[in-house]
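Comments concern the structure below.
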Amino acid sequence: DRKISIAIDGPAGAGKSTIAKIISKKLGILYLDTGAMYRAVALKAINENIDTLDKEKLSKLVENIDIEIVYANDEQKIFLDGKDVSSLIRTPEVSIGASNVATIPDVRIKMVELQRKIASENSVVMDGRDIGSYVLPDAEVKIFLNADVRERAKRRYLEEKAKNTKDITFEEVLKDIEYRDKNDSSRSFAPLTKALDAIEVDTTNMSVDEVVNTILGHVKNYG
Ligand code: C5P
């Protein structure tokens with residue numbers, strides 16, 4: 001039977017992971033959150049007191065990094081050097097660090113290798129920044145999810161508040177997102193961009209169901 005790859009790209013807070021998880025369940029295929037991989041690299045750098053923009057040190061760091069994606073109870077878990085870091089990577093500090101390490105070509109090459117391997121062995125819905133444009137240029141369905149920056153910041157802010165870990169203001173979340181938008185779009189190697197053949201979906205005023213159904217409509221067209 002035939003494999004399918006669905007690429008979902010877009011900036012932070014556009015709804016990629018929420019939507020990709022639901023699509024993967026509905027279609028019974030794997031979900032891969034590629035951002036988690038860059039977050040794991042950033043976490044390792046932070047733990048080792050390495051500046052997340054230090055090209056040389058990061059290139060060396062990823063030479064022997066052990067990142068494993070494990071699926072348990074329908075959930076993606078990420079292991080860094082044998083330890084489950086799925087929760088530890090969800091902090092504002094790691095978000096910024098991930099955006100920084102993601103500008104370094106050696107880091108990307110290493111992560112993309114793992115991403116392509118998973119896609120070659122499974123039907124997958126993969127979310128990230130460069131999936132349709134670089135990682136899986138032949139993906140059957142490519143979606144570019146976008147939303148107004150304040151709406152995206154609002155969604156992240158509400159998520160952070162629900163987690164109730166540290167107090168963070170809306171303005172801080174907005175600043176983080178603007179920093180990452182700029183960093184992710186302006187890097188020279190595989191930047192955040194809409195692939196020419198991607199379908200853009202603006203989720204600013206859409207419900208989760210509406211976005212899911214829009215995407216499933218395009219999947220149906222294909223298969
Ligand atoms: O998607 P998430 O917010 O978890 O991604 C964290 C960071 O990882 C992004 O800001 C981006 O810089 C980087 N990233 C990337 N390419 C991907 C996925 C994530 O550069 N495919």
Side-chain angles (χ1 to χ4, degrees), residues 5-21 24 30-46 52-53 55 58 62 65 67 69 75-78 80 85-119 124-137 139 142-147 149 152-153 155-157 159-160 163 168 172-195 198 203:
S5 296
I6 303 173
I8 302 188
D9 292 299
K16 298 184 300 294
S17 70
T18 305
I19 302 298
K21 272 183 208 159
S24 81
L30 224 57
Y31 162 55
L32 182 66
D33 165 12
T34 63
M37 296 181 180
Y38 295 94
R39 287 172 180 271
V41 174
L43 181 65
K44 185 168 167 96
I46 292 166
T52 49
L53 282 169
K55 258 194 192 157
L58 260 304
V62 293
I65 199 166
I67 291 181
I69 305 291
E75 283 228 46
Q76 171 185 309
K77 296 270 170 211
I78 184 157
L80 169 64
V85 294
S86 311
S87 313
L88 290 176
I89 57 169
R90 302 291 161 194
T91 67
E93 189 192 11
V94 173
S95 299
I96 297 291
S99 186
N100 288 339
V101 302
T103 62
I104 300 168
D106 285 343
V107 171
R108 303 200 69 82
I109 288 165
K110 186 83 188 221
M111 299 303 118
V112 169
E113 203 177 287
L114 186 54
Q115 292 157 17
R116 286 185 178 149
K117 181 167 185 290
I118 292 171
V124 67
V125 45
M126 206 179 273
D127 89 38
R129 302 292 187 289
D130 60 338
I131 309 306
S133 59
Y134 180 77
V135 180
L136 305 175
K142 299 182 183 179
I143 305 290
F144 192 82
L145 280 192
N146 212 342
V149 66
R152 292 190 279 116
R155 292 174 187 170
R156 272 298 145 86
Y157 174 66
E159 261 173 39
E160 291 295 330
K163 276 196 288 182
I168 187 160
E172 282 169 328
V173 176
L174 180 63
K175 239 181 66 195
D176 274 15
I177 287 201
E178 284 173 338
Y179 173 84
R180 290 203 284 150
D181 280 0
K182 190 156 173 276
N183 220 16
D184 294 347
S185 315
S186 62
R187 66 174 177 241
S188 49
F189 191 95
L192 165 65
T193 184
K194 177 186 159 308
T203 70

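As the structure lists them, so they are numbered: ligands from 1, and atoms in each ligand from 1.
With respect to the salt-bridge test (charged N to carboxylate O, under 4.0 angstrom), the residues K175 and E172 do not qualify. Between D181 and R152, at least one side-chain N (NZ, or NE/NH1/NH2) sits under 4.0 Å from a carboxylate O, which counts as a salt bridge.
Here the CZ atom belonging to R156 is positioned 8.0 Å from the CD atom belonging to E160, to the nearest 0.5 angstrom.
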Donor-acceptor pairs under 3.5 Å, side chain of residues 34-46 to any protein atom, not counting sequence neighbours: which ones?
{"unit_1": "T34", "atom_1": "OG1", "unit_2": "D127", "atom_2": "O", "d": "2.6"}
{"unit_1": "Y38", "atom_1": "OH", "unit_2": "R108", "atom_2": "NH2", "d": "3.4"}
{"unit_1": "R39", "atom_1": "NH1", "unit_2": "I89", "atom_2": "O", "d": "3.0"}
{"unit_1": "R39", "atom_1": "NH1", "unit_2": "S95", "atom_2": "OG", "d": "3.1"}
{"unit_1": "R39", "atom_1": "NH2", "unit_2": "S95", "atom_2": "OG", "d": "3.4"}
{"unit_1": "K44", "atom_1": "NZ", "unit_2": "E48", "atom_2": "OE2", "d": "3.4"}
{"unit_1": "K44", "atom_1": "NZ", "unit_2": "D81", "atom_2": "OD2", "d": "2.7"}

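Evaluation of the side-chain hydrogen bond (donor to acceptor under 3.5 Å, both in side chains) rule for N183 yields S99, N100 as partners, not counting sequence neighbours. F189 meets the ring-ring contact (aromatic ring centres under 6.0 Å, His included) test with Y134; sequence neighbours excluded.
Protein residues lining ligand 1, listed by chain and number: T34, G35, Y38, R39, R90, A98, S99, A102, R108, G128, R129, D130, I131, R180, D184, R187 [non-hydrogen atoms, distance under 4.0 Å].
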